[in-house]
Amino acid sequence: WRTFSVKFNMFEKIKQIEKIREAQKSLEAEKVEIENKGTRLTINGNLKVIEVSLNSELNKEEQEKILAKCFNEGIDKIKSFMAQKFQSMF
């Protein structure tokens, strides 16, 4: 009986790993675009920066601050999406 239980648990773990891999692939397809004062940042669900567009009318210091804000906002949005995605899986 113990052998069956161990094999069943391993099968369940494999199914969970497959679900996680599917979720990772779907996250890559998700994109978040954040825009602030003409500076735009696009991040995918794997937290990879896809595109950065700067506003040439802003000085370097302003652009750096805005870009940092956009990046942090994008990460927060992706984290929220990831939490919802994984919650629905399990």
For the residue pair E18 and R21, establish whether any side-chain heavy-atom pair is separated by less than 4.5 Å.
-> no
Does E22 have any side chain to side chain contact (heavy atoms under 4.5 Å, CB included) partners at least two apart in sequence or in another chain, and if so, which?
-> none
Determine all donor-acceptor pairs shorter than 3.5 Å in which one atom belongs to a side chain in residues 30-39; sequence neighbours excluded.
unit_1	atom_1	unit_2	atom_2	d
E35	OE2	G38	N	2.5

Please tabulate, for side-chain N and O atoms in residues 59-71, each donor-acceptor pair with protein atoms closer than 3.5 Å (sequence neighbours left out).
unit_1	atom_1	unit_2	atom_2	d
N59	OD1	E61	N	3.1
N59	OD1	E62	N	2.8
K60	NZ	E64	OE2	3.4
E62	OE1	N59	N	3.1
Q63	NE2	N55	O	2.8
Q63	NE2	L58	O	3.0

Mind checking what makes side chain to side chain contact (heavy atoms under 4.5 Å, CB included) contact with K25, not counting sequence neighbours?
-> none
How long is the span from the CD1 atom in I78 to the CE atom in M82, to the nearest 0.5 Å?
-> 8.0 Å
Joint hydrophobic cluster, L47 plus V49, side-chain heavy atoms closer than 4.5 Å | yes
